[in-house]
**Student:** 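Before I ask anything, here is the structure I am working with.
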Amino acid sequence: MNTQRCFLQVDCNNFFASCETVFDPSLAGRPLVVLSNNDGCVISRSAEARRAGVPMGAPLFEVRDRLKRLGAVVMSSNYTLYGDMSNRVMALLAHYARSHEVYSVDECFLDVTGEADPVALARRIRDDVLRGLGLPVCVGIGPTKTLAKTANRIAKGDPNLGGVFSFMDLSATEREARLAELAVEEVWGINRRLGTRLRLVGIADAAALVRTDRDFLRRRFSVVMARLADELSGVACLDIDDVASKKKMILSSRSFGRKVTSLAELQEAAAMHAALVAEKLRTQRSHAGFLQVTIRSSPHASEPYVRDSTTVGLLPVSNDSRRLIAAARDAVAHLYRRHVRYAKVGVCALELSDVEHVQDDLFAGRADADARGERLMAAVDAINRKFGRGKLKWASEGAAQPWQGRRDNVSPRYTTHKDELPIVKAN
DNA sequence: TCTGGGGTCCTAGGACCC
DNA sequence: TCTGGGGTCCTAGGACCC
């Protein structure tokens, strides 16, 4: 017998803003926004800020007056806190299903195929996450991942649903009616550009997409679009990806707190990113075959936009911070142009391979020849794990780092740093 | 003055081969 | 005068996600 698949999609509401509120209850019920790195844009809003019309993604300088009028709280982002809370949510969710997929920092898919009452399970999950971690979540349920995702969107949009919506027991007519209410741009995987192209051929809502001939979608758009239509129709094409696969590229980049014109400072920043990339490579036990370095000015400034990048091969492949730093510094020196006001630098590791499967190079010798280097990196990582990232730095990263971004109002790292634990006072 | 960061997948088109 | 065609591999760029 063919059991119908059943997926739950759990998504934290306003995740970053909610994390802040958990540890500072005085924020509850107030308009609150969390900013991107460098205090640039709004990337998370409390329900109150959303209702007041603060747009997602808006640059701070454009909405600053409005936020002030609203009496809104404006926070810098605290990824240490959000990352730790995310781990706690995911660990809890893993208990409810035979397999689960951590889809993003605040989202998880659960495979609960065979579950007798998925709606009851979803309500229990909601209660447990709220009680255990203080975070509100919505749960979408469907026979495919895309329908579960869509159900979640419906649950989020209608307060009467109590945070849970299911496609499982709807008749074909009922399902079609729900999908007809969903603009095509609101479907997972369709954004503005694809939405515009779909509308040009008369597809304006999710129900219309389901009715469209798959061959046409494949030819006119892509296999992804045809698969999307299948998924929305209840035919499961996507499965749970439950083995955390290794990254195929690892990058680190950041805007500067102010424009940078000196080569020395650019190189310091590039060295810092290279060291971070190397550390991430070691964490997932990979070597990089190539390093790509990009430096650019601001695309918003009045002066001409400059964006230069170069890719250098690492022979033999490596995850040694010193080699990546040297390569990044050389690359920056090569790309650097005088008089450009640089806004950002990024370092990206490509062509990653497992350290367990080292491909020896005929000319460059054995990749693992430097056992001392490996021990050194292991020691550096151990110290930084124990005492906090960045405790041990490379001299070429610079000491003062005047190019670092702004973080004017960052909350304490409540859950990961002993000296920043929240203190509860009892009267 | 001030506009994020880290990823994945797919396709088109050129290079190259026979 | 007439100047092939089909297959594969690779890369850059586009589009999307959160």
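The sequence lines fix the lettering, A, B, ..., with proteins before strands; numbering per chain opens at 1.
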**Student:** What are the atom names and distances for every N/O pair under 3.5 Å that joins the protein to nucleotides 1-4 of chain B?
**Tutor:**
residue, atom, partner, partner atom, Å
B/dG4, O4', A/Ser36, OG, 2.9

**Student:** For the residue pair A/Val410 and A/Asn78, what are the closest heavy atoms and their distance?
**Tutor:** CG2-CB, 4.0 Å
**Student:** Cationic tip of A/Lys145 within the cone over A/Phe7's six-membered ring, i.e. under 6.0 Å and within 45° of the normal?
**Tutor:** no
**Student:** For A/Phe221 and A/Leu276, take the nucleotide of DNA chain B holding the closest heavy atom to each; which residue's nucleotide lies nearer the 5' end?
**Tutor:** A/Leu276
**Student:** Step by step, would you call A/Asp111 with A/Arg98 a salt bridge (Lys or Arg N to Asp or Glu O under 4.0 Å)?
**Tutor:** CA-CA 7 Å; A/Asp111 184 348; A/Arg98 78 165 77 87; 3.8 Å; yes
**Student:** May I ask you to decide if the ring planes of A/Phe109 and A/Tyr103 are parallel, tilted or perpendicular, using 30° and 60° as cut-offs?
**Tutor:** perpendicular
**Student:** In dot-bracket form, 5' to 3', how is DNA chain C paired? Count Watson-Crick and G-U wobble pairs only if both distances fall under 3.5 Å, and write | where the partner sits on another strand.
**Tutor:** ....||||||||||||||
**Student:** For atom CZ of A/Arg214, is the number of surrounding heavy atoms from other residues, nucleotides or ligands below 6.0 Å larger than 12?
**Tutor:** yes
**Student:** Report the relative orientation of the aromatic rings in A/Phe16 and A/Tyr82; use parallel for angles under 30°, tilted for 30 to 60°, perpendicular for over 60°.
**Tutor:** parallel
**Student:** Quick one about A/Thr416 and A/Asp84 (side-chain donor to acceptor, distance below 3.5 Å, no hydrogens or angles considered), yes or no?
**Tutor:** no
**Student:** Nearest whole Å is fine: how far is B/dG7 C1' from A/Ile250 CD1?
**Tutor:** 11 Å
**Student:** Other residues, nucleotides and ligands only: do more than 12 of their heavy atoms fall within 6.0 Å of NZ on A/Lys391?
**Tutor:** no
**Student:** Is there a salt bridge (Lys or Arg N to Asp or Glu O under 4.0 Å) between A/Asp11 and A/Arg153? Walk through the geometry before answering.
**Tutor:** CA-CA 9 Å; A/Asp11 189 325; A/Arg153 183 176 266 266; over 6 Å; no
**Student:** Using a heavy-atom cut-off of 4.0 Å across all strands, would you classify A/Ser252 as base, sugar-phosphate, or nothing?
**Tutor:** sugar-phosphate
**Student:** Using a 4.0 Å heavy-atom cut-off to protein, can you give one letter per nucleotide of nucleotides 10-18 of chain C, 5' to 3': B if the base is in contact, S if only the sugar-phosphate is, - if neither?
**Tutor:** -----SSSS
**Student:** Does one side chain, of A/Glu268 or A/Gln401, offer a donor that lies under 3.5 Å from an acceptor on the other?
**Tutor:** no
**Student:** Can you tell me the distance, in whole Å, between the CG atom of A/Leu251 and the P atom of B/dG5?
**Tutor:** 10 Å
**Student:** For A/Arg220, does the CZ atom have more than 12 heavy-atom neighbours from other residues, nucleotides or ligands under 6.0 Å away?
**Tutor:** no
**Student:** Determine the interatomic distance between P on C/dC18 and the same-named atom on B/dC2; round to the nearest Å.
**Tutor:** 30 Å
